[in-house]
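Below: one structure, written as structure tokens.
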2 protein chains.
Amino acid sequence: MNKKYYETIFQIIRTGHWITDQVSKELKEFGITEPQFNVLRILRGAKGKPISVSDVLERMVQRNSNITRIVDKLLIKGFAERKECPTNRRKMDLTITEAGLKKLKELDERVEAFHQPFIGKLSPSELETLKKLIIKLKS
Amino acid sequence: MNKKYYETIFQIIRTGHWITDQVSKELKEFGITEPQFNVLRILRGAKGKPISVSDVLERMVQRNSNITRIVDKLLIKGFAERKECPTNRRKMDLTITEAGLKKLKELDERVEAFHQPFIGKLSPSELETLKKLIIKLKS
DNA sequence: AATATACATTTGTACATACAATAGATGTTT
DNA sequence: AAACATCTATTGTATGTACAAATGTATATT
């Protein structure tokens, strides 16, 4: 009973974790953890505009991360900048640096290379169906 | 380009992590972590027969776990037993205890209750399609 | 203005995780 | 049988994570 549901859920969980695990391994070579990679991409996504710690948090896949410490690591590597927000001194203005953008480009290439073998496995309409079904499942 | 692929992958990742995060929170109330829960279920799955650390590892969703330390925690709680394997002293015979089985039943109920609202969201044929598409994607 | 409440981030700390190094047992080769 | 390689599990250690408490700032209430 409900066997089919659990089998399907199991596939989703296993696939999701497997992908992030594999990507983590690719990133490790660059001395970057997956949360650091995600924060970098979020900073880039802000397109030059500084964003706050809580903004980053909102956009994170894993919401429980400690952004301060992740950003600490990015600062050390020179990939991000952190300044007090001038209009609200409680907040921090976080931005990605040129070095961060450059590194991110490298990382993206590596991640893309990882995905390459899978991209052709499903047709566009199959991908669409898959996406829609997952969204429906969560709705 | 390949936007649809990445959107779909993103849904899989996010959903997979979201489910395990939610389940972790449910388990936390019982003082059990998700890896511990998984190991317990694997031990139960052995149906009374003792299995080794490497057997457990093979069946884990997250393969990088340190089984020794997870089992340590289960021993402390009295949910598992660990003996030297008599036929191969390199190996350990791991089993679930009565207390472990009882606790696991409670945990299962809680996890089921979490899934309940989602079970009806997709029809059996939709679930089947979803499962098949994910498997095909990884193939 | 003083006090309280809410907000944004950081820090302390206990715990978990990753991975390499180690230890001990078994299997294989000569 | 001795030497070497392989298998299995544990441990050391550095790093990451979770979550509560603390810090500092802004806003609301009296």
Side-chain angles (χ1 to χ4, degrees), chain A residues 17-18 20-40 42-43 46 50-77 80-95, chain B residues 17-18 20-40 42-43 46 50-77 80-95:
Chain A
H17 282 275
W18 181 77
T20 52
D21 284 357
Q22 295 306 309
V23 168
S24 291
K25 281 179 192 161
E26 301 285 338
L27 297 175
K28 182 152 292 172
E29 206 176 300
F30 295 87
I32 293 271
T33 66
E34 219 238 331
Q36 286 167 29
F37 178 58
N38 283 328
V39 170
L40 265 188
I42 289 167
L43 292 182
I51 58 175
S52 71
V53 169
S54 48
D55 291 338
V56 172
L57 202 59
E58 261 174 21
R59 297 174 208 185
M60 288 288 282
V61 181
Q62 301 135 257
R63 295 293 175 82
N64 44 5
S65 301
N66 191 326
I67 307 300
T68 301
R69 287 195 174 112
I70 294 170
V71 172
D72 286 346
K73 300 295 160 63
L74 295 175
L75 294 179
I76 291 167
K77 292 168 191 148
E81 238 175 45
R82 177 167 54 195
K83 293 182 190 166
E84 203 173 66
C85 171
T87 62
N88 186 339
R89 288 169 56 210
R90 285 176 299 187
K91 294 193 181 187
M92 283 290 159
D93 276 356
L94 305 175
T95 46
Chain B
H17 283 274
W18 181 77
T20 51
D21 284 358
Q22 295 306 310
V23 169
S24 292
K25 280 178 194 162
E26 301 285 339
L27 297 175
K28 181 152 293 172
E29 206 176 298
F30 294 86
I32 294 270
T33 65
E34 220 239 332
Q36 287 167 28
F37 178 59
N38 283 328
V39 170
L40 265 187
I42 290 167
L43 292 182
I51 58 174
S52 70
V53 170
S54 49
D55 291 337
V56 172
L57 201 60
E58 261 174 22
R59 298 174 207 184
M60 288 288 283
V61 181
Q62 300 135 257
R63 295 293 175 84
N64 43 7
S65 302
N66 191 327
I67 307 301
T68 301
R69 287 197 174 111
I70 294 169
V71 171
D72 286 345
K73 300 295 160 63
L74 295 175
L75 293 179
I76 291 168
K77 290 166 193 150
E81 238 175 45
R82 176 167 57 195
K83 292 182 190 166
E84 205 173 65
C85 171
T87 62
N88 186 340
R89 288 169 54 210
R90 286 175 298 190
K91 294 193 181 187
M92 284 289 159
D93 276 355
L94 304 175
T95 46

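Chain naming here is simple, since letters A, B, ... match the order of the sequence lines and numbering starts at 1 in each. Not measured: the values here are computed from a predicted model.
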(message) Less than 4.5 Å apart, side chain to side chain, heavy atoms only: is that true for B:Asn38 and B:Arg59?
(response) no
(request) Report the nucleotide, chosen from C:dG27, D:dA26, C:dT10, that has the shortest atom-to-atom distance to any side-chain atom of B:Arg90. (result) C:dG27
(message) With a 4.0 Å cutoff (strictly under), does any side-chain N or O of A:Lys91 reach OP1 or OP2 of D:dG24?
(response) no
(message) Just the rounded figure in Å: distance from P of D:dA18 to CD1 of B:Ile32.
(response) 18 Å
(request) Report yes if at least one side-chain N or O of B:Ser65 is closer than 4.0 Å to OP1 or OP2 of C:dT17; otherwise report no. (result) no
(message) Measuring from atom CD of B:Gln36 to atom OG of B:Ser24, what distance do you get when rounded to the nearest 0.5 angstrom?
(response) 11.0 Å
(request) Could you tell me the separation between the CZ atom of B:Arg89 and the C1' atom of C:dT26, rounded to a whole number of Å? (result) 10 Å
(message) From CG of A:Leu27 over to C1' of C:dA18, roughly how many Å is that when rounded to an integer?
(response) 15 Å
(request) Select base, sugar-phosphate, or nothing to describe what B:Lys73 touches, counting heavy atoms under 4.0 Å on all strands. (result) sugar-phosphate
(message) Whether B:Arg82 contacts D:dT10 is assessed here as follows: a side-chain N or O lying under 4.0 Å from the phosphate OP1 or OP2. Is that the case?
(response) yes
(message) Return whichever of A:Glu84 or A:Ile70 has its heavy-atom-nearest nucleotide of DNA chain D closer to the 5' end.
(response) A:Ile70
(request) Can you figure out which of D:dA9, D:dT17, D:dG24 approaches the side chain of A:Arg69 most closely? (result) D:dT17
(request) Find the distance between CG (A:Leu75) and CZ (A:Arg82) and round it off to the nearest 0.5 Å. (result) 4.5 Å
(message) Is there a side-chain contact between A:Ser54 and the phosphate of C:dT9, meaning an N or O under 4.0 Å from OP1 or OP2?
(response) yes
(request) In whole angstrom, give the distance that lies between atom CG of B:Asp72 and atom C1' of C:dT17. (result) 14 Å
(message) Heavy-atom nearest nucleotide on DNA chain C for A:Met92 versus A:Lys28: which residue maps closer to 5'?
(response) A:Met92
(request) Would you mind telling me which of C:dC19, D:dA9, C:dT9 lies closest to the side-chain atoms of A:Thr68? (result) C:dT9
(request) Can you tell me the distance, in whole Å, between the NZ atom of A:Lys25 and the C1' atom of C:dT17? (result) 13 Å
(request) Measure the spacing between OG of A:Ser52 and CG of A:Leu94 and express it to the nearest 0.5 Å. (result) 7.0 Å
(message) What is the separation between atom CG on A:Leu75 and atom P on C:dT10, rounded to the nearest whole Å?
(response) 9 Å
(request) Using atom CG of B:Asp55 as one end and atom P of D:dC7 as the other, report the distance to the nearest whole Å. (result) 15 Å
(message) Expressed as a whole number of angstroms, how long is the span from B:Leu57:CG to D:dT10:P?
(response) 12 Å
(message) As a test of understanding, state which of B:Asp93, B:Leu43, B:Asp55 forms a side chain to side chain contact (heavy atoms under 4.5 Å, CB included) with B:Pro50.
(response) B:Asp93
(message) Nearest to the side chain of B:Asn88, heavy atoms from C-beta on, is which of D:dG16, C:dA25, C:dA16?
(response) C:dA25
